[in-house]
Number of protein chains: 2
Amino acid sequence: MSRLTSYRDIKKMVLDRIQSGAWPPGALIPRETELAAEFGCARATINRALRELAQAGVLERRRKAGTRVSMTPVRKATLDIPLIRREVEESGATHRHRLLTCEMSVPPAHIAARMGLPLERTALHVQTLHMADSAPYCLEDRWINPKAAPEALSADFAALSANEWLVQNIPISAGEIAFLAENASDADAEILNAAPGAALFVVERLTRIAQEAVTHVRIAYRPGYRMTTGI
Amino acid sequence: MSRLTSYRDIKKMVLDRIQSGAWPPGALIPRETELAAEFGCARATINRALRELAQAGVLERRRKAGTRVSMTPVRKATLDIPLIRREVEESGATHRHRLLTCEMSVPPAHIAARMGLPLERTALHVQTLHMADSAPYCLEDRWINPKAAPEALSADFAALSANEWLVQNIPISAGEIAFLAENASDADAEILNAAPGAALFVVERLTRIAQEAVTHVRIAYRPGYRMTTGI
DNA sequence: AAGTGGTCTAGACCACGTT
DNA sequence: ACGTGGTCTAGACCACTTC
């Protein structure tokens, strides 16, 4: 027999005890040393299993107080935020994109505020329509802070979409992301080939490098789009 | 100095090298043994740091091929799916709920199909309006498989919302979750006090225990709702 | 003060994928 | 075949919290 007691096995067994009701919500479970003895493995192995279950929200651990089954399982959903091109291609379609706008202009006040730009300061505005085969897939409306990403001014977004260019040229960074629903404006509707007022799934993302906003993007998906994941 | 080389420090230093551009997207980084020598710590420490960064989507690791900086930096967003009551309370408002429907009936075909129920089989249908202070917050439309959760038939959902009851009575389990946008139906609009056709942010969740569907829920939020998280 | 989880080490063996 | 990450061990010390 291969590895009788991998940390994966421990996780399964612990989950099993929870789901079977042997360890109900709120229950204190045995300490690591006891479980290690019971399962015949090192404490480090138990530790890894329990640590991962705690990270997943199944357990709550506190020094000295011990490990308990969560009372309110905070379910966490992990969403992948892929490149739009890849997302389209994985659905089996061909990805194309069309550059609609690429110019310096003054962003709307709420976007300037979120990016921390002074009012009236211009930024690079790039609008791109992404298509799956020949149908509109989503509309990317992006503002780029020229101070934080000066190279963007000379990039050719008609060749490589802004979405993809930024991923390849801006290092890993922090930011916020929001998901919401909006009624399609007349402009959105025409571009996405949707009915005016149709409910659109929208993702807004603000990306920073060292506190400074680099780019703000609003991606509005075609009607009917669903973002899915397991729990 | 305390801990010179905790796995957290390693993570920070690696992230720093990535964000500074020293290790650009796609770059192959040194192997674990080399980093351990450089930082003067055990390989296990390096392993934990790199493993967590890989889990966060920052690195991509493959045996024999080594560890690379992800080409697609912003890859994963983790959303907490809290109790609705807690979500409301954290915004500073008071949570109340009103039970609108609670009866056995035959679910629409697409829901029966997703739950794996035979056509015409009845299920428990529970509709709850959640309110923040006195304003509608979201509409919970839930179907419960009586075979998988028979105790639900005798629960008092007027006292404890179905959302909360299930969390407390059904053990942690697997499922799928989807986020989408829908135009408010006339019924939705009236209940949520929104304009008919308003774009609503909708979460649909299917919960299973051991392959069997326990409950399907559609939660439609009031117009203007945003689900946000860091990256 | 004492007990629990949190982390680190040094070494070992193994699994997987590339070559 | 071989090199890289994946995991496990046994032991140790530490940090935090409750008692």
Side-chain angles (χ1 to χ4, degrees), chain A residues 1-15 17-18 23-71 73-74 78 172, chain B residues 1-15 17-18 23-72 75-76 172:
Chain A
M1 3 192 182
S2 64
R3 203 144 312 313
L4 275 176
T5 52
S6 75
Y7 77 97
R8 289 164 203 277
D9 296 333
I10 308 283
K11 281 175 76 169
K12 277 184 201 131
M13 288 189 274
V14 169
L15 267 179
R17 291 188 186 184
I18 292 173
W23 291 345
L28 191 64
I29 77 173
R31 42 182 150 283
E32 295 189 344
T33 50
E34 288 180 25
L35 290 174
E38 177 187 341
F39 290 124
C41 65
R43 179 166 80 97
T45 305
I46 300 291
N47 181 276
R48 177 160 180 191
L50 299 189
R51 182 178 3 113
E52 292 193 358
L53 287 172
Q55 200 173 7
V58 175
L59 299 175
E60 286 173 8
R61 321 195 72 195
R62 262 155 51 217
R63 287 159 147 128
K64 167 78 179 178
T67 300
R68 297 181 172 278
V69 179
S70 276
M71 291 291 275
V74 174
T78 308
I172 298 246
Chain B
M1 4 192 184
S2 62
R3 204 153 302 327
L4 275 176
T5 52
S6 76
Y7 77 97
R8 290 163 204 277
D9 296 333
I10 308 284
K11 281 176 75 169
K12 276 184 201 131
M13 287 189 275
V14 169
L15 266 179
R17 291 188 185 183
I18 292 172
W23 290 345
L28 191 63
I29 78 173
R31 43 183 150 284
E32 295 189 346
T33 49
E34 288 180 24
L35 289 174
E38 178 188 341
F39 290 123
C41 65
R43 180 166 80 97
T45 305
I46 300 291
N47 180 276
R48 178 161 179 192
L50 299 188
R51 179 175 9 108
E52 292 193 357
L53 287 172
Q55 200 174 6
V58 174
L59 299 175
E60 286 173 7
R61 320 194 72 193
R62 263 155 48 217
R63 287 161 146 125
K64 167 75 179 176
T67 300
R68 295 179 173 280
V69 179
S70 254
M71 293 293 275
T72 62
R75 255 198 17 198
K76 293 178 183 172
I172 300 241

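Just so it is clear: chains get the letters A, B, ... in the order the sequence lines come, proteins before strands, and each one is counted from 1. Values in this document were obtained by computation on a predicted structure and should not be read as measured data.
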**Message:** If you go through the side-chain atoms of B:R43, does one of them form a donor-acceptor pair with the base of D:dT7 closer than 3.5 Å?
**Reply:**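 Side chain to base: pair present.
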**Selection from C:dT4, C:dT7, D:dT7 that lies nearest to any side-chain heavy atom of A:R8** =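 The closest nucleotide is D:dT7.
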To the nearest Å, give me how far apart [atom1] ([X]) and [atom2] ([N]) are.
X     : N      : atom1 : atom2 : result
A:E52 : C:dG6  : CD    : C1'   : 15 Å
B:R63 : C:dC13 : CZ    : C1'   : 12 Å
B:E34 : D:dG3  : CD    : P     : 13 Å
B:L50 : C:dC8  : CG    : P     : 13 Å
A:D9  : D:dT7  : CG    : C1'   : 12 Å
B:L59 : D:dG6  : CG    : P     : 11 Å
A:N47 : D:dA12 : CG    : C1'   : 14 Å
B:E60 : D:dG5  : CD    : P     : 14 Å

**Item:** Passing candidate, side-chain contact (heavy atoms from CB on, under 4.5 Å) with B:L15, options B:V58, B:I10, B:L59
**Value:**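 In the set B:V58, B:I10, B:L59, the residue that makes a side-chain contact (heavy atoms from CB on, under 4.5 Å) with B:L15 is B:V58.
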**Message:** Using a 4.0 Å heavy-atom cut-off, does B:T33 contact any base of the nucleic acid, only the sugar-phosphate backbone, or nothing at all?
**Reply:**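 If one applies the 4.0 Å heavy-atom cut-off, B:T33 turns out to touch nothing in the nucleic acid.
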**Prompt:** Where each residue is assigned the nucleotide of DNA chain D containing its nearest heavy atom, which of A:T45 and B:R62 is assigned the position nearer the 5′ end?
**Reply:**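 Here B:R62 is the residue nearer the 5' end.
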**Message:** Quick check: on DNA chain D, is the nucleotide nearest A:K64 upstream (toward 5') of the one nearest A:C41, or the reverse? Name the residue that is more 5'.
**Reply:**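 Taking each residue's closest nucleotide, the earlier one in sequence belongs to A:C41.
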Phosphate-side-chain proximity, [X] and [N], N/O vs OP1/OP2 below 4.0 Å:
X     : N     : result
B:T67 : D:dG5 : yes
A:Y7  : D:dT7 : yes
B:R51 : D:dG5 : no
B:R48 : C:dC8 : no

**Prompt:** Starting at the 5' end of DNA chain C and moving along, which residue's nearest nucleotide shows up first, A:A65 or A:A44?
**Reply:**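 Closer to the 5' end of DNA chain C: A:A65.
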**Request:** Please tell me if the side chains of A:C41 and A:I46 come closer than 4.5 Å, counting only heavy atoms from C-beta onward.
**Result:**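 In contact.
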**Request:** Taking B:R61 for its side chain and B:T67 for its backbone only, find out whether a donor-acceptor pair lies under 3.5 Å.
**Result:**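 Looks like no, no N/O pair under 3.5 Å.
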**Prompt:** Quick check: are there more than 12 heavy atoms from other residues, nucleotides or ligands sitting under 6.0 Å from CD of B:Q55?
**Reply:**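 Counting other residues, nucleotides and ligands, CD of B:Q55 stays at 12 neighbours or fewer.
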**Message:** Tell me whether the count of non-hydrogen atoms from other residues, nucleotides or ligands lying under 6.0 Å of CD in A:E38 goes above 12.
**Reply:**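 Counting neighbours around CD of A:E38, more than 12 heavy atoms of other residues, nucleotides or ligands fall under 6.0 Å, so yes.
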